[in-house]
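When reading the values below, keep in mind they use all heavy atoms of this one structure, side chains included, and skip hydrogens, waters and symmetry mates. Letters go in sequence order (proteins before strands), and every chain restarts at 1.
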Amino acid sequence: MKKAVTEAITNAIASLKEGWGLESIPYIDVEIPRNEDLGDAASTVAMGLTKTLKKPPKKIAEELLSEIVKQSGPFENIEIAGAGFINFRFKKEYLYENLQRLLSEGHPSLSAGLGQNKRIQVEFISANPTGPLHIGHGRGAAIGNALSNLLTAAGFEVEKEFYVNDAGLQVKLLGLSVYSRYQQALGNDVHFPENGYKGDYIASIAEEIIKDIGNKYLNNTFEQCGDFFISHAYKMMLSDIERDLKDFGVTFDKWQSEKELYEKGKVQGALTALQHKNFLYEKDGAKWFSSTNFGDDKDRVVVKQDGEYTYFASDIAYHKDKLDRGFDTIIDIWGADHHGYIPRIRSVLSAFGLSKEKFRVIIVQMVTLLRHGKPVQMSKRAGEFITLREVIDEVGSDTAKFIFLTRRADSQLEFDIEVAKEQSAENPVFYVQYAFARISSIFRQAEERRVRGQKDSSQYSVDSSQGTANSSHITYHALRSFRVQGTDLTALKEVEEIAIIKKLLQYPMMFEGAVFAFEPHRITYYLQDLARLFHSYYNKHRVLTDDSVITGARLSLCRAVQLALEEGLKILGVSAPEKM
RNA sequence: GCGCCUGUAGCUCAGACGGAUAGAGCAACUGCCUUCUAAGCAGUGGGUCAGGGGUUCGAUUCCCUUCAGGCGCGCCA
């Protein structure tokens, strides 16, 4: 849709260019008018050119229009309106042709190559393995996962990574906390560390350990058995995290250990590399990275007076490692509490020669958790928080993900767990899923008619060769492979049908925008719009009629909607159920 | 004090490098199930786009400023 308009205008400008004294073709804006009476697509190029051409926008629009009409474009009508908008309306044949193409090829512009197989890394969540994931991590997970799916759909080669901070004091503190609970559970009343993790999960881990090894380490000092508790607690914590994410529907390609960066000498190596570039210096007995050279507001310590590395040192190594692994683009998704960290990491990457546009940080703002409208205070240390696990169990993964993905990443989010539950029947996620389920149901009915050999079913049939007769999924595959053959799409004449076709043809535009902006939530809104159009249509018109031509055409339309819904939901990481 | 994010309908939020009469869901109210799933549809009401200034033919969008909320400003991780 966008392409056709852009082409028409580009050609027009190309032939007018010389007379206008233009050197190059300007950016051509194409948008969908708010009011559909105005047209199917519109451009504001004429208004944009007023300054350079020193002519009134309407005059420019007229000149463009007279050129465009010379071409044999797919337009039924083009008119100039308002302050200089050029509004386009497509011929119906164009809509039918493209619907047909969509049915046979899918959305060609999608995989066709925005990404061009470029490698892109998306790092997200990267929670410390010192406690269960909470709801904020859930938001990051939903966004990171959806963004990765989006980029994959756009033809990028995406690697999803979770960075595990398993080297620092925090895991030691985790071990110490578990150690203390272990001793206490066995009757040894040791002092619980001041900054220890107080959540119930610590005691649970201690219980597990007792089940495993009994009182083997009773009355041992932490110095004697600390390593055991640290590594054991950390491993259990990490496997919990992994399990929760799996149940949430999020998986990773790689779990990068911080500790491993140390063990492989990558931290030292990265610092040496910086040293060679003269970006390190000594001051006050410490070693500093001169990040101010790259726009940071102060230099940062990498090796402390006591000779220990800072957390930042391993992060330098980590990001250098990302570069060394040869990604074309690096995306970090962080919680809002880390945004102050952006300039220094950007500095690191600049120091190693990465150009700015190849590194992108997406800041995910905080989630304010409510229960019945009242804020729930969250503190990991104090052990008061709503875990992702609770959200999954109480609200459900699909609902939670959908809620997270109906907001931009950089706006704060209020998540009322009770509202999310209570509204479950009215929840937008079900609205979209319901449209998919309804269509699936129509195909089930169509298949029954065909089996019964009704006359009116001659125009459509199931191509069973496409179906995989695979155990319990037979129905599903049969539905997916339901081929509508030899149908005449021009039978789609209702306004609702035309509206749906147009919406479907807008998909590439919306998709490109989402990819370009790294904003998966645009998919969510599109799906709601499409579902709305479909529900409305469904209520007004019957798909399965006595007229085989109309039925065939409508089934085709349903198939196209179904494919779009399925594709969109897949990107969001939300299931597309056949029955509800 | 400085920096980043946010402020749009009663509530939760969209608004696509600045464009036409500002949108959705929920909540409220009125209708619609003998026919493919009523988790649905049709309709009604609801706005100082936080306030003020500026740039522009045109600003919810860009700039400045004030106010409000959130988050950061360690030789912590």
Pairs under 3.5 Å (N/O, protein and nucleotides 34-36 of chain B):
{"from": "B:U35", "atom 1": "O2'", "to": "A:R542", "atom 2": "NH1", "distance (Å)": "3.3"}
{"from": "B:C36", "atom 1": "O4'", "to": "A:R542", "atom 2": "NH2", "distance (Å)": "3.3"}
{"from": "B:C36", "atom 1": "O3'", "to": "A:Q445", "atom 2": "NE2", "distance (Å)": "3.4"}
{"from": "B:C36", "atom 1": "O2", "to": "A:V543", "atom 2": "N", "distance (Å)": "3.4"}
{"from": "B:C36", "atom 1": "O2", "to": "A:L544", "atom 2": "N", "distance (Å)": "3.2"}
{"from": "B:C36", "atom 1": "N3", "to": "A:V543", "atom 2": "N", "distance (Å)": "3.0"}
{"from": "B:C36", "atom 1": "N4", "to": "A:Y538", "atom 2": "O", "distance (Å)": "2.7"}
{"from": "B:C36", "atom 1": "N4", "to": "A:H541", "atom 2": "O", "distance (Å)": "2.5"}

Using a cutoff of under 3.5 Å, can you pull out all pairs of nitrogen or oxygen atoms linking the protein to nucleotides 1-5 of chain B, with atom names and distances?
{"from": "B:G3", "atom 1": "N2", "to": "A:H339", "atom 2": "NE2", "distance (Å)": "2.4"}
{"from": "B:C5", "atom 1": "O2'", "to": "A:Q365", "atom 2": "NE2", "distance (Å)": "3.4"}
{"from": "B:C5", "atom 1": "O2'", "to": "A:D410", "atom 2": "O", "distance (Å)": "2.5"}

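Contacts of A:A336 with the nucleic acid, taken as non-hydrogen atoms under 4.0 Å apart, involve only primed sugar atoms and P, OP1 or OP2. Within the nucleic acid shown, A:Y525 comes within 4.0 Å of sugar-phosphate atoms alone, with no base atom in reach, counting heavy atoms only. Within 4.0 Å of A:F85, counting heavy atoms only, lies at least one base atom of the nucleic acid. Using a 4.0 Å heavy-atom cutoff across all strands shown, A:D284 reaches at least one base atom of the nucleic acid. Using a 4.0 Å heavy-atom criterion, one finds that A:N87 contacts the bases of the nucleic acid, with or without backbone contacts as well. Within the 4.0 angstrom heavy-atom criterion, base atoms lie near A:Q305. Residue-level contact check: A:L413 touches the backbone only, with heavy atoms under 4.0 Å from sugar-phosphate atoms and none from bases. Nucleic acid contact class of A:D29 (heavy atoms, under 4.0 Å, all strands): base. As judged by a 4.0 angstrom heavy-atom cut-off over every strand, A:G513 is placed among residues making no nucleic acid contact. Contact annotation for A:F516: no contact, since no heavy-atom pair falls under 4.0 Å across all strands. At a threshold of 4.0 angstrom between heavy atoms, the contacts of A:T44 include nucleobase atoms, whether or not backbone atoms are also involved.
Of the possible polar contacts, none joining the A:D321 side chain to the A:A317 backbone as a donor-acceptor pair under 3.5 Å is found.
Put simply, OH on A:Y431 is 16 Å from C1' on B:A14, counting in whole angstrom units. Atom-to-atom, CD of A:E414 to C1' of B:G69 comes out at 10 Å; the value is rounded to the nearest Å. B:A39 atom P lies 18 Å from atom CD of A:Q528, rounded to whole Å. Across the protein-nucleic acid pair, A:E422 atom CD and B:C11 atom C1' stand 14 Å apart, rounded to whole Å. For the pair A:R34 CZ and B:G19 P, the interatomic distance rounds to 8 Å; values are reported in whole Å. A:L530 has its CG atom 15 Å from the C1' atom of B:G40, to the nearest Å. One can place OH of A:Y507 at 15 Å from C1' of B:A16, the figure rounded to the nearest angstrom. Atom pair A:H372:NE2 and B:C26:P shows a separation of 21 Å (rounding to whole Å applied).
Nucleotide B:A16 has no partner under the Watson-Crick or G-U criteria, as no pair reaches both atom distances under 3.5 Å. B:U61 makes up no base pair with any nucleotide shown, lacking Watson-Crick or G-U wobble contacts both under 3.5 Å. For B:C73, the paired nucleotide is B:G1, the pair qualifying as Watson-Crick or G-U wobble because both relevant distances are below 3.5 Å. B:C41: Watson-Crick or G-U partner is B:G31, with both key distances under 3.5 Å. Across all strands shown, B:G25 is found opposite B:C11 as a Watson-Crick or G-U wobble partner, with both distances under 3.5 Å.
The aromatic rings of A:Y309 and A:Y262 are tilted relative to each other, their planes meeting at an angle between 30° and 60°. In this structure, A:H319 and A:F359 have perpendicular ring planes: the angle between them is above 60°, well past the 30° mark. In this structure, A:Y281 and A:W288 have parallel ring planes: the angle between them is below the 30° cut-off, well short of the 60° mark. Between A:F312 and A:Y341, the angle of the ring planes goes over 60°, which puts this pair in the perpendicular group of the 30/60° scheme.
If you look at A:F511 and A:Y526, their ring centroids are not closer than 6.0 Å. In this structure, A:F124 has its ring center at least 6.0 angstrom away from the ring center of A:F162. Less than 6.0 angstrom separates the ring centroid of A:H535 from the ring centroid of A:Y434. A:F430 has its ring centre no less than 6.0 Å from the ring centre of A:F402.
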Criterion salt bridge (Lys or Arg N to Asp or Glu O under 4.0 Å) on A:R89 and A:E79, from CA distance to verdict: CA-CA 9 Å; A:R89 191 173 296 284; A:E79 52 189 20; over 6 Å; no
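At most 12 non-hydrogen atoms from other residues, nucleotides or ligands lie less than 6.0 angstrom from NZ of A:K172.
Rounded to whole Å, the separation between the P atoms of B:G70 and B:U56 comes to 37 Å. With both ends at atom C1', the span from B:G15 to B:U8 equals 9 Å, rounded to whole Å. Of the P atoms belonging to B:A20 and B:U60, the separation is 9 Å, rounded to the nearest Å. The C1' atoms of B:U21 and B:G47 are separated by 14 Å, rounded to the nearest whole Å. To the nearest whole angstrom, the two P atoms, one in B:A27 and one in B:C11, are 15 Å apart. When the C1' atom is used for both B:U61 and B:A22, the distance is 12 Å, rounded to whole Å. Rounded to a whole angstrom, the distance from the C1' atom of B:A39 to that of B:C33 is 14 Å. Atom name C1', nucleotides B:U44 and B:A50: the rounded distance is 29 Å, in whole Å.
When each of B:A20, B:C75, B:C41 is scored by its nearest atom to the side-chain atoms of A:P33, the top-ranked nucleotide is B:A20. Picking from B:C76, B:A39, B:G15 the nucleotide with the shortest atom distance to the side chain of A:Y434 gives B:A39.
Within the structure, the salt bridge (Lys or Arg N to Asp or Glu O under 4.0 Å) test picks out the following pairs touching residues 362-374 of chain A (sequence neighbours left out): A:R371-A:E394, A:R371-A:E418.
For A:K59, the salt bridge (charged side-chain N to carboxylate O under 4.0 Å, His left out) criterion is met by A:E63, not counting sequence neighbours.
Annotation: of the two residues near RNA chain B, A:M510 and A:R344, the 5′-most nearest-nucleotide partner is A:M510.
Using a 4.0 Å cut-off on heavy atoms, the residues of residues 35-42 of chain A that approach RNA chain B are A:N35, A:L38, A:A42, listed by number.
Cation-pi geometry between A:R438 and A:F534 is not met at under 6.0 angstrom from the ring centre and within 45 degrees of the axis.
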Going 5' to 3' through nucleotides 54-59 of chain B and flagging B where a protein heavy-atom sits under 4.0 Å of the base, S where only the sugar-phosphate is that close, and - otherwise, we get ---B--
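Minimum interatomic distance between A:G39 and A:P33 (heavy atoms only, all atoms of both residues): O-CG, 3.7 Å.
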